[in-house]
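Here the structure comes first, spelled out in structure tokens, and everything after it is commentary.
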Amino acid sequence: MEPHKFLYVLLLCAVEVISKPTFRKERIRLDPDLNTQVHEENQSFQQDHEAFLGKDDAKTFDQLTPEESKDRLGKIVDRIDSDSDGFISTEELTSWIKRVQKRYIYENVARVWKDYDVNQDNHISWEEYKQATYGYYLANPEEFQDADQFSYKRMLPRDERRFKKADLNGDMMANREEFTSFLHPEEFEHMKDIVILETLEDIDKNGDGFVDEDEYIADMFSHEEGTPEPEWVATEREQFSDFRDLNKDGKMDQEEIRHWILPQDYDHAQAEARHLIYESDSNKDKLLTKEEILNNWNMFVGSQATNYGEDLTRNHDEL
């Protein structure tokens with residue numbers, strides 16, 4: 001396995017109280033080989049920036065000059081070096097990444113809380129959430145095309161099922177912690193079964209309750225007829241056969257999906273920390289100095305320059 005295996009977290013986008021609710025990607029996916037592919041082909045470190053800084057701060061750094069980014073990064077390094085010995089260890093970097101990711105999750109919940117807590121009782125009821133998210137559709141179903149109607153009809157009971165799972169005392173009123181587990185189920189042990197089930201439902205296109213190899217590939221790659229599959233897709237097919245389909249029956253059941261996206265012996269923050277150290281540790285002592293980090297600063301943070309370069313690449317690819 002490659003040194004960089006990091007969890008793709010398709011976090012729930014904030015659904016604001018607007019006339020027509022927007023849907024949110026709500027499944028997490030562990031896809032280490034595809035993640036490596038992104039780095040190799042596009043030389044984009046956006047996932048690293050978001051892991052190291054959090055999504056919001058990563059966007060802020062993208063607006064800074066390279067000099068400002070490096071200056072701020074140096075100050076962050078001082079904060080990460082908890083024992084002030086001049087070196088950043090895997091443990092220190094892992095702790096930092098976990099703290100950043102946890103902060104992002106709770107800030108995300110705080111940002112959207114007022115949109116759902118309509119009566120301001122410091123709880124969000126299922127009815128408040130349903131009305132804020134699906135109210136327009138429920139009141140005006142004729143305005144939606146058949147495909148949209150199908151999506152709304154599918155998503156509403158799915159959201160209700162997840163809300164009930166997050167609602168530990170069963171009163172259909174979510175406090176802050178319960179609503180956080182509803183929006184970010186991948187972070188809570190009691191929500192893991194919902195994550196597995198939703199992943200299965202998203203990928204299982206034939207509805208047989210399993211994920212076969214073609215469904216597994218189709219979830220990450222849209223194949224155009226008459227064109228060869230990229231090499232990384234062939235590698236993923238091997239991954240499916242060798243590591244995903246544990247009982248070798250040609251498909252993944254829920255336990256195999258759990259092993260795939262939520263492996264018990266895998267620490268995603270630690271994997272990201274090891275990846276950053278591996279890529280930046282010039283003397284290979286498994287520790288990072290501030291100098292080593294600043295020498296490879298664009299892996300940790302962005303800037304106007306790196307963001308402009310990525311925009312050029314993106315525009316070129318679109319052309």
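Because the structure is a prediction, the values reported are computed rather than measured.
V109 and T180 get closest at one heavy-atom pair: CG2-OG1, 3.5 Å. The shortest non-hydrogen separation linking H49 to M299 is CD2-O, 3.2 Å.
Annotation for F188: atom CZ counts as buried by contact number, over 12 foreign heavy atoms lying within 6.0 Å. Residue E225 qualifies as open at atom CD: its count of foreign heavy atoms under 6.0 Å is 12 or below. Under a cut-off of 6.0 angstrom, the local environment of NZ in K165 is sparse, with at most 12 non-hydrogen atoms contributed by other residues, nucleotides or ligands. For E291, the CD atom sits in a loose shell: 12 or fewer heavy atoms of surrounding residues, nucleotides or ligands are nearer than 6.0 Å.
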**OP:** Evaluate the side chain to side chain contact (heavy atoms under 4.5 Å, CB included) criterion for residues V112 and L183: first the C-alpha distance (whole Å), next the side-chain angles of each, then the deciding distance (0.1 Å), finally the verdict.
**Re:** CA-CA 10 Å; V112 303; L183 290 183; 3.9 Å; yes
Original post:
Between I217 and E236, does a side chain to side chain contact (heavy atoms under 4.5 Å, CB included) hold up when you go through it step by step?
Top reply: CA-CA 7 Å; I217 295 298; E236 277 299 329; 3.8 Å; yes
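Residues F300 and W297 place their aromatic rings such that the two centres sit no closer than 6.0 Å.
Here OG of S280 is found 9.0 Å from CG of D48. Values are rounded to the nearest 0.5 Å. Note that CG of N119 and OG of S125 are 7.0 Å apart. Values are rounded to the nearest 0.5 Å.
A salt bridge is defined here as a Lys NZ or Arg NE, NH1 or NH2 lying under 4.0 Å from an Asp or Glu carboxylate O, and E198 with R162 meets this definition. Comment: D214 engages R237 in a salt bridge, judged by a side-chain N to carboxylate O separation of less than 4.0 angstrom. A salt bridge links D78 to K290: at least one charged side-chain nitrogen sits closer than 4.0 Å to a carboxylate oxygen. Using a cut-off of 4.0 Å between Lys/Arg side-chain N and Asp/Glu carboxylate O, E68 and R72 are scored as not salt-bridged. Ion pair K98/D267 flagged as a salt bridge, since at least one NZ, NE, NH1 or NH2 atom sits closer than 4.0 Å to an Asp/Glu carboxylate oxygen. Ion pairing between D281 and R274 fails under the 4.0 Å rule for side-chain N and carboxylate O. Between K251 and D208 there is no salt bridge, since no side-chain N of the basic residue sits under 4.0 Å from a carboxylate O of the acidic one. Salt bridge present: R158 and D202 bring a charged side-chain N and a carboxylate O closer than 4.0 Å. Between E201 and R161 there is a salt bridge, since a side-chain N of the basic residue sits under 4.0 Å from a carboxylate O of the acidic one.
A side-chain donor-acceptor contact under 3.5 Å links E215 to the backbone of K205. Side-chain N or O atoms of D117 include one that pairs as donor or acceptor with a backbone N or O of D121 at under 3.5 Å. With hydrogens and angles disregarded, a donor-acceptor distance shorter than 3.5 Å links the side chain of E178 to the backbone of L168. Side-chain atoms of E92 come within 3.5 Å of backbone N or O of S82 as a donor-acceptor pair. Formation of a donor-acceptor pair under 3.5 Å by the D219 side chain with backbone atoms of I203 is not found in this model. Side-chain atoms of E143 never come within 3.5 Å of backbone atoms of Y136 as a donor-acceptor pair (strictly under, hydrogens ignored). In this structure, Q63 contributes its side chain and Q304 its backbone to no donor-acceptor pair below 3.5 Å. When atom types are taken as modelled, the side chain of D204 and the backbone of G209 share a donor-acceptor pair closer than 3.5 angstrom. Remark: side-chain polar atoms of S69 are paired, donor with acceptor, to backbone N or O of G302 under 3.5 angstrom. With hydrogens and angles disregarded, a donor-acceptor distance shorter than 3.5 Å links the side chain of T235 to the backbone of E231.
Listed by chain and residue number, W113, Y116, F182 satisfy the ring pair (Phe, Tyr, Trp, His ring centres under 6.0 Å) test with F179 (two or more places apart in sequence, or in another chain).
The aromatic rings of Y104 and H184 sit perpendicular, their planes meeting at an angle over 60°, well past the 30° parallel limit.
Tested against W260 for a ring-ring contact (aromatic ring centres under 6.0 Å, His included), the candidates Y216, F240, F243 yield a single pass: Y216.
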